[in-house]
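A, B, ... follow the sequence lines: proteins, then strands. Residue 1 opens every chain.
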2 protein chains.
Amino acid sequence: MSEILRQQIEKITPLTDKEFEYILSHFTTKKLKKHQFLIQEDDLVQHDYFVIKGLLKAYYINHDGKEHIMQFAAEDWWITDYQAYFNETKALFNIDCIETTEVLCLSLYNREKLCADMHKIEHFFRKKSNSGYVALQRRILSLLNSNAKERYEQLLQQYPSLFQRVPKTLIASYLGVSRETLSRLST
Amino acid sequence: MSEILRQQIEKITPLTDKEFEYILSHFTTKKLKKHQFLIQEDDLVQHDYFVIKGLLKAYYINHDGKEHIMQFAAEDWWITDYQAYFNETKALFNIDCIETTEVLCLSLYNREKLCADMHKIEHFFRKKSNSGYVALQRRILSLLNSNAKERYEQLLQQYPSLFQRVPKTLIASYLGVSRETLSRLST
DNA sequence: AGTTTGATGTGATCTATATCACACTAAGTT
DNA sequence: AACTTAGTGTGATATAGATCACATCAAACT
């Protein structure tokens, strides 16, 4: 159901059927089972991924083997290792599926081609990137300014639906708290 | 010396003299003394600012009066309260001058106009936003994964020139560490 | 059906960092 | 020249959260 991509783009700019068809022709589809990897550390990152169905996490594993979650992505979200993707370098993050997942894959080449061909797509991606930037600033502020409990509550408020689908252990790893501490935060 | 803006844009896309002149006509100039505010909390944020000369900080003040620095900006950097700027809402951050400063000011209206008129400017801003996104991810990872000393060293490595111009107290506030702790991190 | 694996809770410690308090120096102001 | 203000260092103490160690329960394999 790639309609969900169309809807996302049309929140920013209207499209004709033909235009959307053209856009879509630059994507491929990929299906993954729970626990399967989309990207592993040191892979060359070939694509940005738009989630049609399912749930994934992008995370960094440090030298002690501790995992820190950079982002989750469910339906209607984009996910990849952006540093590696934009710079065509090797992945620092791992990305794998928390649930069985279906994604649309966009190579950097096709992304740039689309942006060059269609001004409105470049506009779309600029707007998306701007929103993403602001969201990351919010997260940084939360890390700087708030304690574990406050961060938990902010996340709960911002993405309530996540909590039905993601185990607390992973929430803890996203928030930068140990799972034991998170478990003790009830109210 | 608006040439510095031109150079920044030309790192991404070439410009004719006429094009640059056209771009520049969408900016105004502003000069500020040390300690002067560019934006105060609850202001309507009218502009994005490109720093030609000087040094500023964008920071949040929490209910205890503690200040957390979101970003610094010296020559060749952009700064504003992006959340407020893009959404035309009131500022959450304060921005003031650490040094006497000169900036080029770009209203949202003019930014969008430029982006609509000149595909290459939209391209430029998309690229800048992408890089910014990646940089913020790096900072989040640093906050999640590293202790005070490691974060200090990472910052020192990434922006060595900052340390000549910014007092340690402010570095501490950027890193999310108390100034006392930062002061004890020597080596 | 039995067994491994994942998710979660909770007590007992440990530790990095915050906080409080004070001192010293340099720079800017009247 | 005296006085205020900003920047920095450092000791003593407090504390949020990490870590270690178990226990329980549910889900998923074999």
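More than 12 heavy atoms of other residues, nucleotides or ligands shown are found within 6.0 angstrom of CZ on B:Phe163.
Here the nucleotide nearest the side chain of B:Ala148, chosen from C:dG11, D:dG17, C:dT17, is C:dT17. Nearest to the side chain of B:Asn147, among D:dG17, C:dT17, C:dT10, sits C:dT17.
Annotation: side chain of A:Tyr60 is in contact with side chain of B:Asn145 (closest heavy-atom distance under 4.5 Å).
Close to C:dT19, at under 4.0 Å from its OP1 or OP2, lies a side-chain N or O of B:Lys66.
Between the CD1 atom of A:Ile98 and the P atom of D:dA28 there is a distance of 15 Å, rounded to whole Å. Counting to the nearest Å, the C1' atom of D:dG7 and the CD atom of B:Glu67 are 14 Å from each other. Rounded to an integer number of Å, the gap from CZ of B:Arg184 to C1' of C:dA21 is 11 Å. A:His35 has its NE2 atom 10 Å from the C1' atom of D:dA28, to the nearest Å. C:dT19 atom P lies 8 Å from atom CG of B:Asp64, rounded to whole Å. Regarding A:Lys57, its NZ atom lies at a distance of 9 Å from the P atom of C:dA7, rounded to whole Å. Following rounding to the nearest Å, B:Leu143 (CG) and D:dG17 (C1') show an atom-to-atom distance of 16 Å. Across the protein-nucleic acid pair, B:Lys149 atom NZ and C:dA16 atom C1' stand 13 Å apart, rounded to whole Å.
The salt bridge (charged side-chain N to carboxylate O under 4.0 Å, His left out) test with B:Lys53 is passed by exactly one of B:Glu102, B:Glu99, B:Glu75: B:Glu75.
Ring-plane geometry between A:Phe27 and A:Trp78 is classed as tilted, the angle between the planes lying from 30 to 60 degrees on a 0 to 90 degree scale.
Near DNA chain C, meaning a heavy atom under 4.0 Å from it, residues 168-182 of chain B has B:Gly176, B:Val177, B:Ser178, B:Glu180, B:Thr181 in order of number.
The residue among B:Arg151 and B:Lys34 whose nearest nucleotide of DNA chain C lies closer to the 5′ end is B:Arg151. Of the two residues contacting DNA chain D, namely B:Val166 and A:Ser146, the nearest-nucleotide position lying further toward the 5' end is that of B:Val166.
Rounded to the nearest 0.5 Å, atoms CD (B:Gln164) and CG (B:Leu55) are 12.0 Å apart.
A side-chain donor from one of B:Asp48 and B:Tyr82 sits under 3.5 Å from a side-chain acceptor of the other.
A distance of 6.0 Å or more separates the ring centres of B:Tyr59 and B:Phe93.
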